[in-house]
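On a predicted model such as this, the values are computed, not experimentally measured, just so you know. Just so it is clear, the values below take in all heavy atoms, side chains as well, and ignore hydrogens, waters and symmetry mates.
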Amino acid sequence: MKRFRNAPRSRAILQTLLALATLVALASLGRDASFGAETSPQFPGCSLLSNELRDALSLELSLEPDYSSNSSPTIDLDPIYRGANLSALVVAPYRGRFVGNGFGAWATQEGQGNSPDVGGFDVGSYGGSLGQDWRLTDYLIWGYGVQGARTKLDAKHSGSYDESLNTVAGFARMSVFDALWRVDLAYGIGRSYARQTQIATGLIDKYRSTEWFFESEFGAKFDKGYTRIEPRLNFRALSLVEPGAAELFLTDREFVKDFSGTSYQTKIGSRFSWEIDVLLGIAKPYLDVDWIHEFGNRSIYTIGDDAAVPIAYRQGSHKMGRDRIDVGAGVDFALRDQFDVYLKYDVKLAKEYSGHFFFAGFNKKY
């Protein structure tokens, strides 16, 4: 049987190597730069922003922007992308911005028994989204966007089925924030067009599924030396509806009822970040550590959880582990011309399951 997982994995690895090369190039440009901050022994040629300098610049940037002229802040010190939050909400003064990103993800679910419908599977997905955000007040941002993705599942048991999903989705999000806290909200709806192929016979079937999701997150931030610590608590509800055709191959084409279920999960963790002065602006490397617990339907899997809209699917009677550990790392670049870029890679681990996610994006403020 042709294996699928190597294709998205190779693609994501290549993207990661290109991203690392970009980071090295940007860091090397900062060797002659100096903003009066202390030199960092961990990052030769770059400088960490001291708390005093960061507070002074933050105070300057917190002033109401003058939209009657072309003036703009020189440096954006706040996060340009919150990878574990609701995707790319910025705090620095601006009227609006365009946001674009792309992602690649792959995962493996080991077999959970000898039956064909729990024989394990590999899954890979890639896609991207475009959106726009507006700063309505000093403390409120609102935005919307669209996303497209392609996902393929490769079953490990010859008595099961392979599947491909083409998903289109729309989303809206809002962020309310202050200097030390924030609340992010997001809502989305997606439609997937699925094609199933029974491995043993080659028979093909098609169906459509629909998903809805709501996500909220409360976060805070404080500084400890040169490290910014951002604890957070996240809640997500995701509903998936599939017609009976989704399981016909496993029931000898007997009548099967439609599937409808909801996943409820909480996530608690923190981000640890550092701000480094480079020639082109501010680089912000970070580390994310989170614990995820599922309270609802474990038959619903998702891939691309840190994308604007997670892609929901099922495969036979597999069930995701109740608890997961999520560890990620990335870097945000706030550039001086109001053009920002961000990169992230993370790993999710659960019982008999491992998932990988690579994300790269940009935003252009105006």
Side-chain angles (χ1 to χ4, degrees), residues 58 62 76-101 103 129-147 169-190 211-222 228-239 263-273 284 286-293 302 304-312 326 328 330 332 334 340 342 344 346 348 357 359 361-363 365:
S58 297
S62 66
D76 176 0
L77 294 178
D78 287 294
I80 60 172
Y81 167 67
R82 301 191 180 108
N85 306 348
L86 305 184
S87 179
L89 294 177
V90 69
V91 179
Y94 71 100
R95 285 181 294 176
R97 65 178 185 170
F98 297 104
V99 180
N101 57 65
F103 67 87
S129 67
L130 292 173
Q132 190 170 14
D133 294 336
W134 286 274
R135 183 185 176 95
L136 302 182
T137 72
D138 289 343
Y139 308 101
L140 176 63
I141 295 174
W142 179 85
Y144 71 94
V146 295
Q147 176 178 290
F171 61 90
R173 61 192 178 209
M174 181 179 70
S175 183
V176 181
F177 53 87
D178 202 342
L180 299 177
W181 60 267
R182 60 178 171 78
V183 176
D184 297 336
L185 304 173
Y187 174 80
I189 182 171
E211 68 171 277
W212 295 267
F213 92 101
F214 170 79
E215 190 171 17
S216 64
E217 180 164 302
F218 174 79
K221 61 182 178 180
F222 60 92
R228 171 159 290 180
I229 303 173
E230 300 176 71
R232 57 202 174 200
L233 175 63
N234 179 289
F235 170 77
R236 188 187 77 183
L238 186 149
S239 295
S263 162
Y264 301 100
Q265 73 173 33
T266 57
K267 177 167 63 175
I268 184 170
S270 185
R271 166 170 293 187
F272 305 88
S273 63
K284 183 175 181 178
Y286 61 85
L287 174 67
D288 290 334
V289 180
D290 296 281
W291 170 60
I292 303 171
H293 183 75
T302 55
D305 286 37
D306 288 335
V309 180
I311 296 100
D326 186 1
D332 300 339
D340 303 326
Y342 36 89
K344 183 182 182 182
D346 77 8
K348 287 182 173 63
F357 179 81
F359 187 97
F362 73 92
N363 63 62
K365 304 171 191 173

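- Between Asp288 and Asp346 there is no side-chain heavy-atom pair separated by less than 4.5 Å.
- Side-chain contact between Arg236 and Phe213 is present, with at least one heavy-atom pair separated by less than 4.5 Å.
- Taking the six-membered ring for Trp, Trp134 and Tyr144 have ring centres closer than 6.0 Å.
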Verdict with supporting geometry, Tyr187 and Val309, side-chain contact (heavy atoms from CB on, under 4.5 Å) = CA-CA 9 Å; Tyr187 174 80; Val309 180; over 6 Å; no
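- Nearest heavy-atom pair, Ala307 versus Phe359, reported as atom, atom and distance to 0.1 Å: CA-CE1, 4.3 Å.
- At distances below 3.5 Å, at least one donor-acceptor pair connects side-chain atoms of Glu211 with backbone N or O atoms of Ala312.
- More than 12 heavy atoms of other shown residues, nucleotides or ligands fall within 6.0 angstrom of atom CZ in Phe214.
- Closest approach of Asp184 and Ser175 over heavy atoms only: OD1-OG, 2.6 Å.
- Across all non-hydrogen atoms, the minimal contact from Trp181 to Val176 is CZ3-O, 3.7 Å.
- Remark: Arg135 does not engage Asp133 in a salt bridge, criterion side-chain N to carboxylate O under 4.0 Å.
- Within a 6.0 Å sphere centred on OH of Tyr139, other residues, nucleotides and ligands contribute 12 heavy atoms or fewer.
- A heavy-atom distance below 4.5 Å is found between the side chains of Arg182 and Arg232.
- Two residues are said to be in side-chain contact when any heavy atoms from C-beta on lie closer than 4.5 Å; Leu238 and Pro310 meet this criterion.
- Between Lys267 and Asp290 there is no salt bridge, since none of the side-chain N atoms of the basic residue sits less than 4.0 Å from a carboxylate O of the acidic one.
- Looking at every heavy atom in both residues, Ala308 comes nearest to Phe171 through CB-CE2, 3.5 Å.
- Looking at Tyr342, its side chain does come within 3.5 Å of a backbone N or O of Phe362 through a donor-acceptor pair.
- For the pair Lys344 and Asp332, the salt-bridge criterion is not met [side-chain N within less than 4.0 Å of a carboxylate O].
- With contacts defined as side-chain heavy-atom distances shorter than 4.5 Å, the pair Val146/Ser129 does not qualify.
- Counting heavy atoms from C-beta on, the side chains of Lys348 and Ile292 come closer than 4.5 Å.
- Within the 4.5 Å cutoff, no side-chain heavy atoms of Gln132 are placed close to those of Trp142.
- Met174 places a side-chain heavy atom less than 4.5 Å from the side chain of Leu140.
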